[in-house]
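Report on one structure; see the data block that follows.
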Amino acid sequence: MSEHWIDLRSDTVTQPGDAMRAAMQRAEVGDDVYGDDPTVNRLQQTAAEMFGYEAALFAPSGTQTNLIALMVHCGRGDEYLVGQEAHTFKYEGGGAAVLGSIQPQPIANQPDGSIALADIEAYIKPDDIHFARTRVLALENTIGGRVLGADYIAAATSLAHARGLATHLDGARICNAAVKQGISLRDATAGFDTVSVCLSKGLGAPVGSVLCGPTKFIEQGKRWRKMLGGGMRQAGILAAAGLYALEHNIDRLADDHVNAAALAQGLSAIDALTINAPQTNIFWMDVPAAACEPLRAALERERIRATVGPRMRLVTHLDVSALDVERTIAVFTAFFKDWRNNS
Ligand SMILES: *Cc1c(COP(=O)(O)O)cnc(C)c1O
């Protein structure tokens with residue numbers, strides 16, 4: 001049995017490797033609240049350039065970059081249109097409402113992760129004192145591992161702009177989407193006024209996200225970042241890891257997609273499981289409820305970490321190798337062979 005744990009819970013679990021740690025160790029630093037940390041500044045310039053924006057802002061988390069974006073786009077009593085399944089709505093503690101006085105208008109996501117254009121249109125409120133002012137359309141790409149189509153994004157963002165709304169992309173995994181589609185990062189973010197990108201997911205940095213947008217927007221965002229407690233001092237140590245990630249870890253996301261496909265393919269041979277074929281590095285499968293508890297124990301024994309449940313998410317990343325995928329398939333196959341024989 002291998003000593004190495006295979007961790008399929010999330011791509012947030014990646015460990016910074018030796019080369020990334022060396023870059024962090026070497027980083028020139030200043031005080032970023034004064035704006036004079038050269039490594040943070042370089043990361044922000046690099047990100048702005050790569051994703052096609054005037055400026056960028058480094059912050060401790062994607063939850064914070066999304067919140068900052070919404071707080072700049074919206075004032076008190078404004079609202080944003082967002083998918084029911086979106087991270088900003090569902091997994092960020094209600095921050096827009098709690099801290100931003102911004103009302104979310106959640107809208108059902110379609111099976112492909114999009115928000116129907118007719119729904120966007122229908123939820124934009126008329127100018128009437130009864131209604132919150134609809135200011136922003138927020139989309140997420142990838143969403144639950146699914147890639148939004150370029151035609152859909154063009155149509156949705158054009159519709160929003162035509163109706164006077166701003167557009168924000170929660171692009172936590174936009175690099176996965178771009179790599180999957182074989183398009184540039186700039187093409188992947190086209191149509192969005194602002195984008196938040198996670199450096200600490202598949203890109204492998206230990207901490208941090210960047211918010212990209214127009215210079216004036218980022219200047220305003222800097223005030224909210226300070227208020228939210230995201231003004232960091234010698235943050236160049238962290239920014240160096242983010243720069244390393246942007247410079248070295250984007251193209252290799254294709255490996256994660258190949259590994260996810262191989263894992264899904266291998267698991268699909270198990271009758272008890274129903275697999276949703278992955279588009280990128282995340283996929284979902286249905287597990288019989290009665291199998292969940294013993295499966296959890298079996299995976300633990302075999303040094304595999306996963307969030308086991310009747311609807312289970314599996315995620316590949318730079319610390320999951322093709323060999324790890326083979327071992328995982330073998331463990332699942334052996335478990336379900338036994339489970340079927342004994343049930
Ligand atoms: C991870 C994630 C975020 C931000 O999460 P943090 O843990 O706060 O960095 C935002 N949106 C999506 C879709 C995410 O997966």
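Counting starts at 1 for both ligands and their atoms, following the listed order. Just so it is clear, the model here is predicted, and its values are computed rather than measured.
For ligand 1, the polar-atom distance check against Cys198 finds no nitrogen or oxygen pair separated by under 3.5 Å. For ligand 1, the polar-atom distance check against Arg173 finds a nitrogen or oxygen pair separated by under 3.5 Å.
Checked by atom type, the side-chain pair Asp319/His317 shows no donor-acceptor distance below 3.5 Å. For Asn281 and Thr316, the side-chain atoms include no donor-acceptor pair closer than 3.5 Å.
Only side-chain heavy atoms of Ala172 come within less than 4.0 Å of ligand 1; its backbone N, CA, C and O stay farther off. The backbone and the side chain of Thr63 each have at least one atom closer than 4.0 Å to an atom of ligand 1 (non-hydrogen atoms only). With a heavy-atom cut-off of 4.0 Å, Glu140 touches ligand 1 through its side chain alone. Of the heavy atoms in Asn66, only side-chain atoms (C-beta onward) come closer than 4.0 Å to ligand 1.
At least one donor-acceptor pair under 3.5 Å links the side chain of Ser10 to the backbone N or O of Thr12.
Considering each of Ser10, Gly62, Ala59, the one bringing a non-hydrogen atom nearest atom 4 (C) of ligand 1 is Gly62.
When only non-hydrogen protein atoms are considered, atom 11 (N) of ligand 1 lies nearest to Asp170 OD2, 2.6 Å. Taking atom 1 (C) of ligand 1 as the reference point, the nearest protein heavy-atom neighbour is Lys201 NZ, 1.4 Å.
Of all atoms in ligand 1, numbered sequentially from 1 with element shown, those under 4.0 Å from a heavy atom of Glu92 are 10 (C). For ligand 1, the atoms closer than 4.0 angstrom to any heavy atom of Ser61 are 8 (O), 9 (O).
Comment: Glu140 does not engage Lys90 in a salt bridge, judged by the lack of any side-chain N to carboxylate O separation of less than 4.0 angstrom. The pair Lys201-Asp256 does not count as a salt bridge, with every side-chain nitrogen at least 4.0 angstrom from each carboxylate oxygen.
Residues Ser200 and Val207 form no side-chain contact, since every pair of their non-hydrogen atoms from C-beta on lies 4.5 Å or further apart. Leu81 has its side chain within reach of Thr134: a pair of non-hydrogen atoms, C-beta onward, lies under 4.5 Å apart.
With Arg311 as the fixed residue, the side chain to side chain contact (heavy atoms under 4.5 Å, CB included) test singles out one of Val287, Thr274, Asn276: Asn276.
Within the 4.0 angstrom cut-off, atom 6 (P) of ligand 1 has one or more protein heavy-atom neighbours.
Ligand 1 does not have Gln64 within reach: every non-hydrogen atom of the residue lies 4.0 Å or more from it.
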TODO: Could you please spell out the steps behind the ring pair (Phe, Tyr, Trp, His ring centres under 6.0 Å) verdict for His168 and Tyr80?
DONE: CA-CA 10 Å; His168 174 68; Tyr80 77 113; 8.8 Å; no
